[in-house]
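Working notes for the structure below.
We number each residue from 1, following the sequence as shown.
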Amino acid sequence: MAVQLFAAIDVGSFELELGIYEISGKNGVRRVDHIRHMIALGKETYSEGKISYELVEEMCQVLEDFVKTMNEYKVKGYRAYATSAMREAKNNQIILDQIRVRTGLKVRIISNSEQRFISYKAIASKAAEFNKIIQKGTAIVDVGFGSAQISLFDKDALVTTQNLSLGSLRIRELLARIPASAKAHREQIEELVDNELFTFRKMYLKDREITNLIGIGENILYMMRQMQSKPVGDKVEASVLNTFYEKFNKLTLDQVEERFGVNAEYASLLMPTVVVYKRILELTGAQMFWIPGIRLCDGIAAEYADDTRLVRFSHSFENDILAASRNMAKRYKCHASHSQVLEEYALGIFDCMKKYHGLGGRERLLLQISAILHSCGKFISMRNSNECSYNIIMSTEIIGLSHLEREIIANVVRYNIRDFDYDKVQLEGTYQEGTVELDQKGMTILIAKLTAILRLANSMDRSHRGKLADCRMSIREGELVITTGYEGDIALEAMSFEQKADFFEEIYGIRPVLRQKRRI
């Protein structure tokens, strides 16, 4: 069985991390080395909006050392990701260029939803325990330095995931501007946390029963070591965390440093973290807290193992993305039966046209999500639904999708019912289609291809009655022939189909034809 050495680099808000992993089909993903360097990138980003040249210099020196370590291990591949501190820094593109020139590393800034999904993959790699726990109501809680993420599961299905501005470093920097005693700051943290969680509970938790919490992130590992003497990865009862919280509240900053073995800078971040976890525990009423002891680097390695098929996970991550999209559609009162029919038609056309569009599984997923969310804007306005749909999708994180992928979906939905304008499609960054990196023109063509399919599929259910559910699709003599045995009236569908056929032919050079097979 082939074994591959892989390196994962996390350019985080408060530290740089390098993980060296051994990946094989037999043993899965195993960490063989781990190096950390504390550097407060987020402190400058969240207060000044930029990262200083001094910190960039320090960062490049550390990353150069990481590259030396990677070369010593002779790793076969690597991925380097930057998170919220770099994401929110105004000078991030200059910094990424400096890193590339000085170290040879290509660092990619990932969206919040990608970051949380990557960490989630690391949890799922512990398949037996993870699958057992999420059979009951479960929340994954990731309190980072820039934000906190809460993801809700119900019977193996991802219900929702929401990002809250409750990162420990962000909270600390906000309160640093307010002169107050340690006790007063603790109370102010609780007020901030309670305010955010009140809205979350009202919107998403409601009467949902949460039995288990899964805590991930670097901060929770420090807490775990002090909560009980068992190794990281164990479970703790809610009562244990409550007792720990009471004891922690009585500690001074110096005592936190000594007890946790951290410097003053890091010690000041633990109080916001403890408060957030304690309040979430109270909010959900969970009885058990599982801390699997994973870091973002573990997630990066798990993602690589999954993408390259070096390891096969039993859990379907694509289903999680679809479940989150369907729950979003449900929230905005989308017509479920029509969306389901539209999904089937759109995916049928996509699969039939595979030879002509040259797209892969990821683009198929983006099309499917576009079909699920195509009418979400009607919740806001029936008249301007396409623009409202665009704004809703762009304003809502969907776990597992990058910002650019959401932008592609939002544009496909927007142009579903308005003229396609090649010159006005503007997206940030570049999109990776298989092994090819698409520029602006390439992404515009991608959006046009998916839009043409969605439009045609939508026309096939113009009456929202699923009349063409039995249809068959095939390519014959330069035409996409869609044949149905439906015996009733399909005049509405035929008229709409003909209207959408021109754009489809313009994009693919294939004329779609709708035929009704009548019985004698």
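Between Glu363 and Leu450, the shortest heavy-atom contact is O-CD2, 4.0 Å. Minimum heavy-atom separation, Cys376 to Ile392: O-CD1, 3.6 Å. Heavy atoms only, all atoms of each residue included: Thr161 and Ser151 are closest at OG1-OG, 2.8 Å. Shown here for Val276 and Leu166, the closest heavy-atom pair between the two residues is CG2-O, 3.9 Å. Between Leu18 and Ala7, the shortest heavy-atom distance links the atoms CD1-CB, 4.1 Å. Taking both residues in full, the closest heavy atoms of Ser24 and Val311 are given as O-CG2, 3.5 Å, listed atom of the first, atom of the second, then distance.
You'll find the side chain of Ile9 stays beyond 4.5 Å of the side chain of Val107, heavy atoms only. Leu366 has its side chain out of reach of Val412: every pair of non-hydrogen atoms, C-beta onward, lies at least 4.5 Å apart. Contact annotation: the side chain of Ile214 approaches that of Ile123 to within less than 4.5 Å [non-hydrogen atoms, C-beta and beyond]. Phe198 is not listed as a side-chain neighbour of Asp194, based on a closest heavy-atom distance of 4.5 Å or more. The shortest side-chain heavy-atom distance between Leu5 and Glu22 falls under the 4.5 Å cut-off. At a threshold of 4.5 Å between non-hydrogen side-chain atoms, the residues Ile291 and Ile216 do not count as touching. At a threshold of 4.5 Å between non-hydrogen side-chain atoms, the residues Phe350 and Leu359 count as touching. Residues Arg208 and Leu152 form a side-chain contact, since some pair of their non-hydrogen atoms from C-beta on lies under 4.5 Å apart.
Taken to the nearest 0.5 Å, the OG1 atom of Thr199 stands 9.5 Å off from the OH atom of Tyr204. To the nearest 0.5 Å, atoms CD1 (Ile447) and CG (Asn411) are separated by 4.5 Å. Summarising the geometry, atom OG belonging to Ser165 is positioned 9.0 Å from atom CD1 belonging to Ile171; distances are rounded to the nearest 0.5 Å. Taken to the nearest 0.5 Å, the NE2 atom of His403 stands 4.0 Å off from the CE atom of Met394. Rounded to the nearest 0.5 Å, atoms CG (Leu192) and CZ (Arg170) are 12.0 Å apart. From Leu164, atom CG reaches atom CD1 of Ile280 across 7.0 Å, with rounding to the nearest 0.5 Å.
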Carefully, step by step, assess Lys121 and Asp307 under the rule side-chain contact (heavy atoms from CB on, under 4.5 Å).
CA-CA 11 Å; Lys121 281 191 173 184; Asp307 290 348; 4.1 Å; yes
Begin from the C-alpha positions of Thr45 and Ile51 and carry the test side-chain contact (heavy atoms from CB on, under 4.5 Å) through to its verdict.
CA-CA 6 Å; Thr45 297; Ile51 297 174; 3.4 Å; yes
Apply salt bridge (charged side-chain N to carboxylate O under 4.0 Å, His left out) to Glu57 and Arg102, showing your working.
CA-CA 10 Å; Glu57 180 70 21; Arg102 293 185 54 178; 2.8 Å; yes
Audit row: Ser84, Ser13, side chain to side chain donor-acceptor pair (under 3.5 Å) steps and yes/no
CA-CA 6 Å; Ser84 62; Ser13 299; 3.0 Å; yes
CA sep, side-chain torsions, deciding dist, call: Gln149, Asn163, side chain to side chain donor-acceptor pair (under 3.5 Å):
CA-CA 5 Å; Gln149 190 87 7; Asn163 183 250; 3.0 Å; yes
Using side-chain contact (heavy atoms from CB on, under 4.5 Å), reason through Leu241 and Phe244 one step at a time and then give a plain yes or no.
CA-CA 5 Å; Leu241 181 58; Phe244 170 78; 4.2 Å; yes
I'd like to know whether Leu446 forms a side-chain contact (heavy atoms from CB on, under 4.5 Å) with Lys441, so could you lay out the CA-CA distance, the side-chain angles of the two residues, the decisive distance to 0.1 Å, and finally the verdict.
CA-CA 9 Å; Leu446 169 60; Lys441 289 183 178 178; over 6 Å; no
Residues Glu58, Tyr53; criterion side chain to side chain donor-acceptor pair (under 3.5 Å); working and verdict:
CA-CA 9 Å; Glu58 180 183 350; Tyr53 178 78; over 6 Å; no
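Using the six-membered ring where Trp is involved, Phe6 and Tyr21 have ring planes that are tilted, between 30° and 60° apart.
A donor atom on one side chain and an acceptor atom on the other are found under 3.5 Å apart for Glu114 and Ser111. When only modelled atom types and interatomic distance are considered, Glu64 and Thr103 share no side-chain donor-acceptor pair under 3.5 Å. A side-chain donor from one of Glu17 and His34 sits under 3.5 Å from a side-chain acceptor of the other.
Within the 3.5 Å criterion, the main-chain N or O of Ile294 finds no donor-acceptor partner in the side chain of Asp298. At distances below 3.5 Å, not a single donor-acceptor pair connects side-chain atoms of Arg31 with backbone N or O atoms of Gly19. Remark: the backbone N or O of Thr138 is not paired with any side-chain donor or acceptor of Asn212 at under 3.5 angstrom. Judged by distance alone, with hydrogens and angles left aside, the side-chain atoms of Thr273 form a donor-acceptor pair with the main-chain N or O of Leu269 at under 3.5 Å.
Ion pairing of Glu303 with Arg79 is present here, as a side-chain N (NZ or NE/NH1/NH2) and a carboxylate O approach within less than 4.0 Å. Salt bridge absent: Arg364 and Glu318 never bring a charged side-chain N and a carboxylate O closer than 4.0 Å. Under 4.0 Å is where a charged nitrogen must lie from a carboxylate oxygen, and between Asp97 and Arg100 at least one such pair does. A salt bridge links Arg362 to Glu405: one of the charged nitrogens lies within less than 4.0 Å of a carboxylate oxygen. Remark: Asp10 does not engage Arg295 in a salt bridge, criterion side-chain N to carboxylate O under 4.0 Å. Ion pairing between a basic and an acidic side chain is recognised when a charged N comes within 4.0 Å of a carboxylate O; Glu88 and Lys50 show no such pairing. Between Asp306 and Arg312 there is no salt bridge, since no side-chain N of the basic residue sits under 4.0 Å from a carboxylate O of the acidic one.
Under the 6.0 Å distance and 45° angle rule, Arg414 counts as a cation-pi partner of Tyr390. Taking the ring axis of Tyr81 as reference, the NZ or CZ atom of Arg108 stays within 45° of it and closer than 6.0 Å to the ring centre.
Annotation: Gln287, atom CD; neighbour count of heavy atoms from other residues, nucleotides and ligands within 6.0 Å does not exceed 12. More than 12 heavy atoms of other residues, nucleotides or ligands shown are found within 6.0 angstrom of CD on Gln61. Within a 6.0 Å radius of CG in Leu253, more than 12 heavy atoms belonging to other residues, nucleotides or ligands are found.
You'll find the ring centres of Tyr277 and Phe289 inside the 6.0 Å limit.
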